Amino acid sequence: MIKKRRREIEEMSVNVEMKTDMLTSLITANTNMKASNDNVLKPVTDEDIRVNLLDAFLGGTDTTSNLFCFITYYICKHPHVKRKMLSEIDYNLPKSSDKFYISYNDLKKLKYCEAIIKEVHRMVPVIPFSIRTTTKEIEIAGYKWPSGTHFLLNFFAVHGHSEFWPDTEVFNPDRFYSDDQDDKRFGNKPTLMMFGGGLHICPGRKLAMVELLVLTALVYKNYNVELVNPHESLKIISLITTNCKELKIRISPRT
Ligand code: HEM
């Protein structure tokens, strides 16, 4: 697939606009690599592209799709949240506009949608844990831990801790939202471990947020979505990722 697309690009006429899909972008990218003190640009190799695509498939499919199911559940369960979200979407992406695409600038305006995504992930972390291993003896929380100790970071526990999240059981996107966008107390909170942290922080985090915002905005702008059974609780199974076992919805065009 990579070789075929590489050939297509090489044979493309210069007047044809280049696509911006992930494979094309990786093939046309130049990587800044250090070689004996000189900065040289080298194209990404087929092997690098294969590994990056595999990472994206493995890391970026179940996570985003399950989180979107959870978003649907919580939005449908909380009509006041849905109303506030729709007014943000309708205000920033008016239905009258002929635009069928959403620009990055449009997405940046969807602060309440972003808050919903974060709050849903706080309630149901799609990646429930991460692991770190010590490479030397270290003191943590007053104890000495030998090299090679595995630490499991439990995101359900962090996201449900009442010291960080008052009324933890309550679904409240306003934890991450303020009408005053300059108010730095909202938006990013370090105890939301959505994408992990440090050297191994999720490399797909920006793509994931773009996908989720686009999906939320386009689906809810154009369709009415309702739960078939509004009284049903969320059915999840949490292993390496937290999966939605079943979510029955009714969907109809929004007029
Ligand atoms: C809602 C969507 C997503 C969530 C919640 C999520 C969350 C996470 C978390 C918590 C980690 C572990 C970070 C750590 O240990 O500090 C991780 C790692 C990773 N994610 Fe994501 N992710 C999402 C989407 C994506 C996407 C779209 C991609 C790729 C296109 C991706 C690729 C990866 C990869 C390759 C790693 C391993 C990084 C490493 O070990 O160095 N993820 N993700």
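Note: hydrogens, waters and symmetry copies are ignored here, and every other heavy atom, side chains too, is used. Counting starts at 1 for both ligands and their atoms, in listed order. Quantities reported herein were computed from a predicted structural model and do not represent experimental measurements.
Nearest-heavy-atom check against atom 26 (C) of ligand 1 across S130, G60, G197 picks out G60. For the residues H200, R205, M22, the heavy atom positioned nearest atom 40 (O) of ligand 1 is part of H200. For atom 2 (C) of ligand 1, the choice among C202, G59, P203, A208 with the nearest heavy atom turns out to be A208.
Counting heavy-atom neighbours within 6.0 Å of L152 CG, excluding the residue itself, gives a total above 12. Annotation: R50, atom CZ; neighbour count of heavy atoms from other residues, nucleotides and ligands within 6.0 Å does not exceed 12. Residue F151 qualifies as enclosed at atom CZ: its count of foreign heavy atoms under 6.0 Å is above 12.
Listed by atom number, the atoms of ligand 1 under 4.0 Å from L67 heavy atoms are 1 (C). Interface of V126 with ligand 1, defined as ligand atoms under 4.0 Å from a residue heavy atom, comprises 5 (C). Short contacts between ligand 1 and L207, defined as distances under 4.0 Å to a heavy atom of the residue, involve ligand atoms 30 (C). Taking a cut-off of under 4.0 Å to the non-hydrogen atoms of M194, the atoms of ligand 1 that pass are 5 (C), 7 (C), 10 (C). Taking every heavy atom of I127 and a limit of under 4.0 angstrom, the matching atoms of ligand 1 come to 7 (C), 8 (C), 10 (C). Ligand-side atoms of ligand 1 in range of D55: 35 (C), range being under 4.0 angstrom from any heavy atom. Close contacts of ligand 1 with G196, meaning ligand atoms under 4.0 Å from a residue heavy atom, involve 10 (C), 13 (C), 14 (C), 16 (O).
Checked for salt-bridge contact, E8 and K4 meet the test: a charged N lies under 4.0 Å from a carboxylate O. With respect to the salt-bridge test (charged N to carboxylate O, under 4.0 angstrom), the residues E88 and K111 do not qualify.
Expressed to the nearest 0.5 Å, how far NZ of K19 lies from CE of M12 amounts to 9.0 Å. The structure places OH of Y73 at 8.5 Å from CG of L247, a figure rounded to the nearest 0.5 Å.
At least one heavy atom of H121 sits under 4.0 Å from some atom of ligand 1.
Ranking the protein heavy atoms by distance from atom 28 (C) of ligand 1 puts G204 CA, 3.6 Å first. Of all protein heavy atoms, the one lying nearest to atom 4 (C) of ligand 1 is F195 CE2, 3.5 Å. Counting only heavy atoms of the protein, atom 29 (C) of ligand 1 lies nearest to A56 CA, 3.6 Å.
D106 and S103 share a side-chain donor-acceptor pair at under 3.5 Å.
Distances between N or O atoms of R132 and those of ligand 1 include at least one value under 3.5 Å.
Of all heavy-atom pairs between I2 and I27, the closest is O-CD1, 3.8 Å.
Ring centroids of W165 and F176 are separated by less than 6.0 Å, placing the two rings close together.
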